[in-house]
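Letters A, B, ... are given to chains in the order of the sequence lines, protein chains preceding strands, and every chain is numbered from 1. Since the structure is predicted, the reported quantities are computational estimates derived from the model, not experimental observations.
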Protein chains: 2
Amino acid sequence: MTSDDAQPRATMSATRGREGAEMTQIEAPRPRFAQIADILRDRIQRGVHAPGSPLPSEPELSREFGVSRVTINRAVGLLRTEGLVQVRRGKGAFVRPIPVITRVATQRHGARDKGRGAYDVETRRVGLEPSWTASVERVPASELTAGLLNVAVGAELVVRRRKYFANGVPTQIADTYLVSELAEKAGVTEENTGPGGTYSRLADIGRGPIHFTEEISFCSAIAAEATFLDMEPNQAVFEILFVASDREHRPVAVTRHIMAGHQWRLRYEWTDEPEGGSE
Amino acid sequence: MTSDDAQPRATMSATRGREGAEMTQIEAPRPRFAQIADILRDRIQRGVHAPGSPLPSEPELSREFGVSRVTINRAVGLLRTEGLVQVRRGKGAFVRPIPVITRVATQRHGARDKGRGAYDVETRRVGLEPSWTASVERVPASELTAGLLNVAVGAELVVRRRKYFANGVPTQIADTYLVSELAEKAGVTEENTGPGGTYSRLADIGRGPIHFTEEISFCSAIAAEATFLDMEPNQAVFEILFVASDREHRPVAVTRHIMAGHQWRLRYEWTDEPEGGSE
DNA sequence: CAGTGGTCTAGACCACCAC
DNA sequence: TGGTGGTCTAGACCACTGC
């Protein structure tokens with residue numbers, strides 16, 4: 001290959017050598033929209049566009065880079081699915097403040113954080129102000145929840161729905177499902193469950209969970225949830241299915257967490273005592 | 001609001017009532033490309049387009065739905081970032097076979113799977129044939145690895161790079177970093193580390209890891225990794241930072257896993273013995 | 001009303017693939 | 001050579017925002 005570095009061929013009509021004002025040069029091999037995304041991403045990270053502040057408008061960027069607005073739109077689209085930028089209709093594209101929150105699953109329940117919930121601790125650790133809303137409903141068990149709770153599909157469940165915020169910004173949805181009968185016995189059918197929350201009430205009646213499993217998977221944001229989480233279309237979310245079981249390994253509660261991918265870091269810690277010593 | 005359900009206004013020029021052949025009707029409120037993506041997604045899930053088979057070509061779909069090719073391209077783009085579809089240049093867009101692999105982190109090391117590696121087990125469980133490649137290099141510690149291994153930036157590390165496949169399809173990258181000195185002592189500077197792998201060799205010299213932490217975060221696929229993983233641009237990946245520490249809580253090995261989001265489900269299991277009984 | 005982004009089209013050129 | 005998808009433009013209309 002002699003022409004390895006083969007002349008980028010300035011074909012596409014827009015490598016027009018305009019030089020009015022601050023035009024930024026875009027080369028050919030990598031798609032323009034990707035290169036522009038790279039540049040904007042870099043500017044954001046360098047603080048040229050501070051968190052919360054708007055990017056230049058699409059027509060402006062279009063002029064700066066000498067490409068059509070559609071191309072700009074596509075570049076910004078990349079940053080949106082990455083969670084770096086959020087668009088507010090009619091207003092502009094804004095740099096998202098993304099202090100990543102770390103969730104240490106294996107510490108959330110054990111300590112049962114006297115007085116403070118796990119979310120509270122996680123959020124304050126990065127200097128954010130936590131808040132949430134809660135509501136309780138009764139629903140029939142879906143195939144999924146029925147399977148996890150080991151009851152028949154359609155069985156009555158109590159679902160405790162919570163929405164979490166950090167500095168007023170939505171960060172997470174968590175729906176906890178319990179079999180109605182158990183929820184009533186434990187007295188967690190009202191919004192307020194008392195000190196220590198649902199798990200403490202379950203412990204009170206001897207059904208305190210001690211075995212936990214979590215399954216993390218991906219999905220693209222589903223309409224309703226995406227809307228609440230202020231997510232961009234197409235942005236990825238973590239879905240966590242959390243199952244808490246009592247001493248006899250009977251599942252007592254299932255929680256489904258939905259959280260915007262880029263806002264969270266998930267942490268797990270554990271120890272394996274080697275049974276037979278080290279060989 | 002009297003006009004709550006306000007007439008979708010069939011404005012955009014393309015609600016043209018063409019009826020030649022098998023044209024599928026597209027309504028207005030939701031973007032056309034999103035609706036088309038919904039339809040195609042549904043067809044895939046119903047098996048109309050079987051795993052491994054191609055979607056109809058863009059011009060074909062363009063005719064079917066009565067929209068421009070660009071719109072089709074955008075619809076397919078959604079399916080690509082969701083991991084449902086993979087495009088092979090010049091050939092077409094193919095339905096990705098996605099048997100999701102479940103990785104149970106908390107079981108991977110404890111059992112130290114006599115004879116079989118954790119990946120092997122995980123993959124075969126869903127009926128896939130595992131394979132991998134490995135190589136060993138020496139690199140200076142980056143800020144990240146240095147911090148995690150508690151050495152100076154630039155210190156010499158041995159990195160064991162592995163690439164994993166299932167049925168020949170790339171699924172995961174895993175790079176394990178060890179301080180060179182330790183790696184030499186443990187004898188894991190060659191590709192073959194003997195039965196039980198690196199951790200067993202570390203155990204042999206009394207540095208067997210028993211404390212583990214994992215941190216999961218998101219990233220959009222980085223060029224090189226995305227290429228290897230056969231990923232679509234823009235598709236989300238899990239990054240797992242895994243730290244193994246010995247009895248004295250000294251970190252001995254750090255592994256960075258990169259895996260395509262839609263191919264994996266991550267599972268964790270643990271037990272919290274309540275120290276003071278259940279109140 | 002002007003400004004923002006959201007979507008869509010038609011037409012174009014490109015790179016890659018298979019024949 | 002003809003088919004596939006990848007990218008880009010220009011022009012257009014839309015909805016939402018704020019003045």
Each base of DNA chain C marked ( ) or [ ] if paired in-strand (Watson-Crick or G-U under 3.5 Å), | if paired to another strand and . if unpaired gives ||||||||||||||||||.

Could you state the atom-to-atom distance from [atom1] of [X] to [atom2] of [N] in whole Å?
X	N	atom1	atom2	value
B/R69	C/dA12	CZ	C1'	10 Å
B/R30	C/dC8	CZ	C1'	16 Å
B/R63	C/dA10	CZ	C1'	16 Å
A/F65	D/dT7	CZ	C1'	17 Å
B/L61	D/dG3	CG	C1'	15 Å

Could you pull out all residues at least two apart from [X] that satisfy side chain to side chain contact (heavy atoms under 4.5 Å, CB included)?
X	answer
B/T81	A/N234, B/N234
B/Q86	B/R88, B/R96, B/D230, B/E232
B/D38	B/R30, B/R41
B/D175	B/V159, B/R161, B/I173, B/Y177

Among [options], which is the nearest nucleotide to the side chain of [X]?
X	options	value
B/P31	C/dG5, C/dC8, D/dT9	C/dC8
B/E58	D/dT4, D/dG6, C/dC8	D/dG6
B/V67	C/dT9, D/dT4, C/dT4	C/dT9
B/P59	C/dT4, D/dC8, D/dT4	D/dT4

Does the distance from a Lys or Arg side-chain N to an Asp or Glu carboxylate O, for B/E64 and B/R43, drop under 4.0 Å?
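Here B/E64 pairs with B/R43 in a salt bridge, since their nearest N and O are under 4.0 Å apart.
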
Using OP1 and OP2 only, check whether a side-chain N or O of B/S68 sits under 4.0 Å from C/dC8.
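It does not, given that no N or O in the side chain of B/S68 lies less than 4.0 Å from OP1 or OP2 of C/dC8.
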
Sorted by first residue and then second, give each salt bridge (Lys or Arg N to Asp or Glu O under 4.0 Å) pair with at least one member in residues 123-135 of chain B; sequence neighbours left out.
B/D120-B/R124, B/R124-B/E129

Counting only heavy atoms and a strict 4.0 angstrom limit, can you tell me which residues of residues 71-82 of chain A come near DNA chain C?
A/N73, A/R80

Sugar-phosphate only, base, or nothing, as touched by A/V70 at under 4.0 Å among non-hydrogen atoms
base

Mind checking B/P54 for me? I need base, sugar-phosphate or nothing, with any heavy atom below 4.0 Å counting as a touch.
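Answer is nothing: B/P54 stays at 4.0 Å or more from every strand.
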
For B/R267, all residues meeting salt bridge (charged side-chain N to carboxylate O under 4.0 Å, His left out), sequence neighbours excluded:
A/E215, B/E269

Those residues that, when tested against A/R89, pass salt bridge (charged side-chain N to carboxylate O under 4.0 Å, His left out) (two or more places apart)
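A/R89 satisfies salt bridge (charged side-chain N to carboxylate O under 4.0 Å, His left out) with no other residue.
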
Please write out each protein N/O paired with an N/O of nucleotides 17-19 of chain D under 3.5 Å, distance rounded to 0.1 Å.
unit_1, atom_1, unit_2, atom_2, d
D/dG18, OP1, A/K91, NZ, 3.2

Only counting residues at least two apart or in another chain, list the ones meeting side chain to side chain donor-acceptor pair (under 3.5 Å) with A/T102.
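With neighbours one apart ignored, the set is A/R265.
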
Mind checking what makes ring pair (Phe, Tyr, Trp, His ring centres under 6.0 Å) contact with B/F218, not counting sequence neighbours?
A/F218, A/F238, A/H262

Would you indicate whether the side-chain heavy atoms of B/R108 and B/Y119 approach each other to under 4.5 Å?
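A side-chain contact exists here, since the closest heavy-atom pair is under 4.5 Å.
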
Search all heavy atoms of B/A166 against all heavy atoms of B/L128 and return the closest pair with its distance.
CB-CD1, 3.8 Å

Closest-nucleotide ordering on DNA chain D, the 5'-leading residue of A/F33 and B/L55
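Nearest nucleotide further toward 5': that of B/L55.
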
